[in-house]
Number of protein chains: 2
Amino acid sequence: MSEHPLPDAGLLALSRDFREALRHSIYLVRRLDADGELSAAQLSTLKMLLDSSEGSAEARGEANGVRVGEIARNLGVKVPSATEQIIKLERAGLVRREADPADSRAVRVKLTAEGHAAVESANTRRNAVMAGILGSLSDAERQALAAAIPVIGKINETLQP
Amino acid sequence: MSEHPLPDAGLLALSRDFREALRHSIYLVRRLDADGELSAAQLSTLKMLLDSSEGSAEARGEANGVRVGEIARNLGVKVPSATEQIIKLERAGLVRREADPADSRAVRVKLTAEGHAAVESANTRRNAVMAGILGSLSDAERQALAAAIPVIGKINETLQP
DNA sequence: CCTAACTGTTAGGCTCCCTAAGTATGAGTG
DNA sequence: CACTCATACTTAGGGAGCCTAACAGTTAGG
């Protein structure tokens with residue numbers, strides 16, 4: 001009990017409230033995704049591939065693909081879990097697996113055209129639902145939310161080993 | 001595409017960023033819970049029972065318990081899912097199920113002393129982990145987070161039918 | 001070489017959630 | 001009072017997602 005610097009009451013209260021908010025948000029995200037044909041986990045995977053292809057590939061005209069281990073790390077899951085999702089996405093025609101020319105152990109996962117379209121459309125739909133919710137907030141509330149998002153992002157990065 | 005009031009670009013961007021933050025936060029919550037003996041779903045259930053017993057029961061000296069349907073609604077899951085969790089918790093000795101004297105169809109779920117202790121301890125431990133993370137933020141960042149928490153709470157309530 | 005390290009996949013198992021169907025009780029109506 | 005309908009929960013069966021352990025192939029270092 002005394003190994004930590006003993007956080008003060010305010011910090012603990014903030015921790016409690018933030019945890020509570022996140023706990024409920026999990027159910028919110030579930031509902032947001034409930035309608036679409038892409039599950040949350042699969043959308044996350046596709047989104048990650050999309051983001052990575054935007055960074056480097058478009059400049060060079062050809063996507064490299066992302067390695068399975070990298071996907072797993074980015075998603076915060078173990079490699080077998082990533083493999084499972086990738087196989088499902090491959091069966092659905094949304095991604096393609098190719099051998100890495102430089103390292104035959106590695107696998108390069110790439111979005112197909114269908115995958116690209118699917119992630120864009122799913123994102124658009126979910127964003128619209130969320131926008132509907134956020135639209136009912138006051139300007140001040142939206143501003144408070146916007147100010148906190150980078151902080152939440154920073155917190156999330158903390159647990160990324 | 002034109003059935004909604006067509007939210008402006010800022011609102012859509014906020015929606016996107018917030019969704020992204022929540023998506024990652026799910027993994028954060030998972031890790032926060034990874035160590036303890038109580039799963040996130042079970043802790044949520046116990047927490048709900050704890051909260052409800054604090055409100056009314058302590059004043060009257062005796063807890064009423066919470067009905068299964070109410071637990072399900074509060075947790076955002078279907079009734080059978082709540083039943084499942086409750087049965088597990090009962091087997092673990094953390095809750096007790098009793099017939100409602102006024103309505104024999106209904107079941108009243110109550111925390112046992114062990115359940116009370118378990119939820120308190122699990123919460124304390126997770127809060128400490130979270131406090132460790134939040135402690136590394138700047139004052140301004142913590143303030144931004146604190147300001148947004150009630151807003152997130154409000155958003156979560158939106159999807160509570 | 002030949003062993004050690006690394007990248008993925010497979011196998012098996014767990015939790016959590018859902019829908020559909022079943023049981024039992026309560027409430028309204030002729 | 002009986003009949004019907006609604007309500008409250010449980011049971012049964014199944015799917016998604018994650019995990020660990022064990023395996024196979026590839027690469028790299030001694």
Side-chain angles (χ1 to χ4, degrees), chain A residues 23 26-46 48 64-92 94-110 159, chain B residues 23 26-46 48 64-92 94-110 159:
Chain A
R23 188 165 71 75
I26 290 179
Y27 295 101
L28 182 148
V29 171
R30 229 198 308 272
R31 305 237 185 147
L32 218 56
D33 287 22
D35 35 339
E37 55 262 6
L38 245 46
S39 73
Q42 300 196 345
L43 180 55
S44 286
T45 307
L46 291 180
M48 195 248 150
N64 270 352
V66 181
R67 298 174 57 154
V68 175
E70 200 175 341
I71 294 174
R73 214 172 313 117
N74 192 286
L75 258 46
V77 300
K78 300 299 179 189
V79 170
S81 305
T83 296
E84 185 180 339
Q85 294 303 328
I86 292 162
I87 289 175
K88 281 186 198 168
L89 291 170
E90 188 180 37
R91 276 204 272 263
L94 303 180
V95 305
R96 204 170 39 236
R97 281 195 289 183
E98 298 178 3
D100 187 326
D103 182 346
S104 321
R105 296 172 301 180
V107 170
R108 296 259 161 209
V109 182
K110 305 180 184 183
L159 286 224
Chain B
R23 188 165 71 76
I26 289 178
Y27 295 102
L28 183 149
V29 171
R30 230 202 305 275
R31 305 237 186 146
L32 221 55
D33 287 20
D35 35 339
E37 55 262 5
L38 245 47
S39 74
Q42 301 197 342
L43 180 55
S44 286
T45 307
L46 292 180
M48 196 247 149
N64 270 353
V66 182
R67 297 174 58 154
V68 175
E70 199 175 341
I71 293 175
R73 214 173 314 114
N74 192 286
L75 258 45
V77 300
K78 301 299 179 189
V79 171
S81 305
T83 296
E84 185 180 338
Q85 294 303 329
I86 292 162
I87 290 176
K88 280 187 200 168
L89 291 170
E90 188 180 37
R91 275 204 272 264
L94 303 181
V95 306
R96 203 169 38 236
R97 281 194 290 182
E98 297 177 4
D100 187 326
D103 183 346
S104 322
R105 297 170 302 178
V107 170
R108 297 259 163 208
V109 182
K110 305 181 185 182
L159 286 226

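Throughout, a chain's letter reflects where its sequence line sits, starting with A, and its residues are numbered from 1.
Under the salt bridge (Lys or Arg N to Asp or Glu O under 4.0 Å) criterion, B:Arg30 pairs with no residue at all, not counting sequence neighbours. Residues meeting the salt bridge (Lys or Arg N to Asp or Glu O under 4.0 Å) test with B:Arg108, sequence neighbours left out: B:Asp100. Remark: B:Ala41 engages B:Ser39, B:Gln85 in a side-chain contact (heavy atoms from CB on, under 4.5 Å) (not counting sequence neighbours). A:Arg23 pairs by the salt bridge (Lys or Arg N to Asp or Glu O under 4.0 Å) definition with A:Glu20, not counting sequence neighbours. For A:Arg97, the side-chain contact (heavy atoms from CB on, under 4.5 Å) criterion is met by A:Ile86, A:Ile87, A:Glu90, A:Val107, A:Val109, not counting sequence neighbours.
Nearest heavy-atom pair across B:Val77 and A:Tyr27 is CG1-CE2, 3.9 Å. Pairing each heavy atom of A:Gly69 with each of A:Val79, the nearest pair is CA-CG2, 4.2 Å. Here the shortest heavy-atom pairing between B:Lys110 and B:Gly65 reads CG-CA, 3.6 Å. Nearest heavy atoms, B:Met48 versus B:Glu70: CE-O, 4.3 Å.
Protein chain B contacts DNA chain C from C:dT15 to C:dG26, reading 5' to 3' and using non-hydrogen atoms of the protein with a distance under 4.0 Å.
Here CD1 of B:Ile71 is found 7.0 Å from OG1 of B:Thr45. Values are rounded to the nearest 0.5 Å. Here the OG atom belonging to B:Ser44 is positioned 7.0 Å from the CD1 atom belonging to A:Ile26, to the nearest 0.5 angstrom. Note that NZ of A:Lys78 and OG1 of A:Thr83 are 13.5 Å apart. Values are rounded to the nearest 0.5 Å.
Separating the CG atom of B:Asp100 from the P atom of D:dC9 is a distance of 9 Å, rounded to the nearest angstrom. For the pair B:Arg108 CZ and D:dT10 C1', the computed distance is 18 Å after rounding to whole Å.
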Stepwise, does the side chain to side chain contact (heavy atoms under 4.5 Å, CB included) test hold for A:Leu94 with A:Leu38? CA-CA 11 Å; A:Leu94 303 180; A:Leu38 245 46; 3.9 Å; yes
Sort me out a list of protein N/O and nucleotides 26-30 of chain D N/O pairs below 3.5 Å, or just none if empty.
from	atom 1	to	atom 2	distance (Å)
D:dT27	OP1	A:Ser104	N	2.9
D:dT27	OP1	A:Ser104	OG	2.9

Protein heavy-atom contacts under 4.0 Å, written 5' to 3' over nucleotides 11-21 of chain D as B (base), S (sugar-phosphate only) or - (none), form the string B----SBBBBB
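A rotation axis mapping the C1' atoms of four pairs onto the next four is fitted at both ends of the helix from C:dC1-D:dG30 to C:dG30-D:dC1 over five pairs, and the angle between these axes is 10° to 10 degrees.
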